[in-house]
Amino acid sequence: LYKHLCTIQMSSSWMNQRIISLKLSSLLKAANMLGSSTRKISAKRRYRIYKRWKRWLKQIQEDITDLSVHRHIYNEVAKIIKENPRLQVASSFYDWMRIAYIYEMSIRVRRLVDRDRRSVSFVRLMEEIEQCPGVISRRRFVQLYSQVLRYVADRDFERFAKPGASHVNPAAIHHDKRALIKAAGRLRLFVNRHIAHRSRRPLRRLPTFAELDVCINLLEQLLKKYVL
């Protein structure tokens with residue numbers, strides 16, 4: 001930061017000052033985010049954050065459950081048509097059903113990976129946990145288990161934490177977040193450029209049903225991991 005401040009003072013070009021100022025602003029923003037993950041948070045505030053995360057996770061669970069149920073319904077209907085030759089005819093209804101399925105599922109995935117700070121999404125939840133890992137402590141996690149199951153509580157906690165650690169490991173949350181963002185990347189672009197907007201730069205290759213299934217499978221796996 002000192003080097004950037006010196007450069008700003010020495011620069012005689014307004015444009016250079018503007019560029020460097022923007023870089024400095026980005027650095028300060030990153031430092032502030034890092035600080036928010038390491039500074040001490042009061043017990044009262046940790047509890048409020050924890051309750052918010054629980055509400056978010058309930059909404060996320062409902063969204064992913066809907067994804068799974070709707071995929072099952074679509075696949076079962078497609079199976080019925082495939083196994084019944086009399087139904088295998090050109091049909092505007094089939095076209096509508098396929099397009100409606102693609103649009104709905106893509107939008108639902110897009111919503112779950114939204115990074116807007118005003119949104120409730122799986123990615124936003126992971127970002128907040130990554131920034132405030134101390135909110136989910138080993139002690140808080142273990143207390144969720146009944147006395148009979150306490151012996152497995154520490155083992156389950158270490159799906160998110162290093163052995164013996166007092167709180168979740170931000171790196172583990174970051175890994176899950178990056179995997180989800182990567183899996184949903186082309187679906188998000190598809191929604192942005194082809195559904196929500198008619199972009200002048202459409203995708204050259206549209207996402208496939210296989211890509212959609214991979215993303216839904218990952219969402220199901222992550223949901224089980226974070227809920228259970």
Side-chain angles (χ1 to χ4, degrees), residues 1-2 4-5 23-65 67 108-185 188 215 217-228:
L1 290 177
Y2 176 77
H4 280 273
L5 287 170
K23 289 182 178 179
L24 178 58
S25 176
S26 298
L27 284 171
L28 290 173
K29 183 178 180 181
N32 184 55
M33 290 179 64
L34 179 61
S36 68
S37 66
T38 57
R39 66 172 177 261
K40 187 173 179 60
I41 302 175
S42 69
K44 187 176 181 180
R45 182 158 181 255
R46 285 200 302 270
Y47 180 72
R48 288 201 304 267
I49 293 172
Y50 176 72
K51 295 293 286 184
R52 181 174 75 239
W53 290 353
K54 285 188 68 175
R55 291 195 305 270
W56 285 12
L57 189 57
K58 183 178 179 180
Q59 294 174 310
I60 292 164
Q61 183 175 7
E62 291 173 355
D63 287 343
I64 296 176
T65 300
L67 268 176
R108 285 182 176 274
V109 168
R110 168 68 177 78
R111 185 166 63 184
L112 283 162
V113 299
D114 193 358
R115 304 189 71 174
D116 192 315
R117 295 179 64 85
R118 298 167 297 178
S119 301
V120 175
S121 74
F122 212 161
V123 166
R124 284 292 302 130
L125 175 63
M126 292 177 185
E127 286 178 341
E128 288 210 2
I129 296 174
E130 187 181 351
Q131 292 169 13
C132 303
V135 172
I136 304 181
S137 64
R138 183 182 293 269
R139 180 181 177 184
R140 187 191 297 278
F141 185 88
V142 169
Q143 288 176 344
L144 296 174
Y145 288 68
S146 65
Q147 198 65 39
V148 179
L149 296 175
R150 287 288 172 88
Y151 73 98
V152 299
D154 284 309
R155 180 201 65 190
D156 288 350
F157 183 73
E158 288 172 4
R159 292 179 297 171
F160 305 96
K162 296 178 180 178
S166 61
H167 54 75
V168 298
N169 179 12
I173 307 300
H174 181 77
H175 179 270
D176 290 341
K177 183 186 72 174
R178 297 310 305 170
L180 180 55
I181 290 173
K182 181 179 179 181
R188 183 181 64 81
C215 189
N217 291 342
L218 178 58
L219 283 165
E220 290 175 344
Q221 293 168 14
L222 291 174
L223 179 65
K224 291 176 184 177
K225 179 178 178 180
Y226 281 71
V227 170
L228 301 178

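Residue indices begin at 1 and follow the sequence shown.
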Exercise. With side chain to side chain contact (heavy atoms under 4.5 Å, CB included) as the test, would you mind laying out the steps for I64 and L222 before giving the verdict?
Key: CA-CA 10 Å; I64 296 176; L222 291 174; over 6 Å; no
Exercise. Would you check if Y226 and I60 make a side-chain contact, meaning some heavy-atom pair closer than 4.5 Å?
Key: no
Quiz item: Mind checking what makes salt bridge (Lys or Arg N to Asp or Glu O under 4.0 Å) contact with R118, not counting sequence neighbours?
Solution: D116
Quiz item: Which side chain to side chain donor-acceptor pair (under 3.5 Å) pairs, counting each pair once, include a residue from residues 160-174, with sequence neighbours left out?
Solution: E130-H174
Quiz item: So, R124 and E128, do they make that salt bridge, N to O below 4.0 Å?
Solution: yes
Practice problem: To the nearest 0.5 angstrom, please state how far the CG atom of L67 sits from the CZ atom of R111. | Solution: 8.5 Å
Self-check item: Validation row: K225, F160 side chains within 4.5 angstrom (heavy atoms)
Solution: yes
Exercise. Taking the side chain as every heavy atom from C-beta outward, state whether V142 and R138 have any pair of such atoms under 4.5 Å apart.
Key: yes
Quiz prompt | CG-CG distance between L125 and L112, expressed to the nearest 0.5 angstrom | solution = 11.0 Å
Practice problem: Go through F122 and V109 one step at a time and tell me if the side chain to side chain contact (heavy atoms under 4.5 Å, CB included) criterion holds. | Solution: CA-CA 10 Å; F122 212 161; V109 168; over 6 Å; no
Quiz prompt | Within-4.5 Å side-chain heavy-atom neighbours: I181 and R178 | solution = yes
Quiz prompt | Check against side chain to side chain contact (heavy atoms under 4.5 Å, CB included), R46 and I49 | solution = CA-CA 5 Å; R46 285 200 302 270; I49 293 172; 5.7 Å; no
Quiz item: For the residue pair V123 and V113, what are the closest heavy atoms and their distance?
Solution: CG2-CA, 3.6 Å
Exercise. For residues C215 and A184, report the shortest heavy-atom separation together with the two atoms involved.
Key: SG-CB, 3.7 Å
Exercise. Would you check if the side chain of R159 reaches a backbone N or O of D156 as a donor-acceptor pair within less than 3.5 Å?
Key: yes
Quiz item: Between CG of L144 and CD1 of I136, what distance do you get to the nearest 0.5 Å?
Solution: 9.5 Å
Quiz prompt | From CD (E220) to OG1 (T65), nearest 0.5 Å | solution = 8.5 Å
Quiz item: Which atoms form the tightest heavy-atom contact between E158 and G164, and what is the distance?
Solution: OE2-N, 3.3 Å
Practice problem: Can you run down the ring pair (Phe, Tyr, Trp, His ring centres under 6.0 Å) pairs that involve residues 41-64, sequence neighbours left out, and say none if there aren't any? | Solution: none
Quiz item: What is the minimum heavy-atom distance between I173 and M126, and which atoms define it?
Solution: CG2-O, 3.3 Å
Practice problem: To the nearest 0.5 angstrom, please state how far the CZ atom of F157 sits from the CZ atom of R139. | Solution: 13.0 Å
Quiz prompt | side chain to side chain contact (heavy atoms under 4.5 Å, CB included) assessment of D154 paired with F141 | solution = CA-CA 8 Å; D154 284 309; F141 185 88; over 6 Å; no
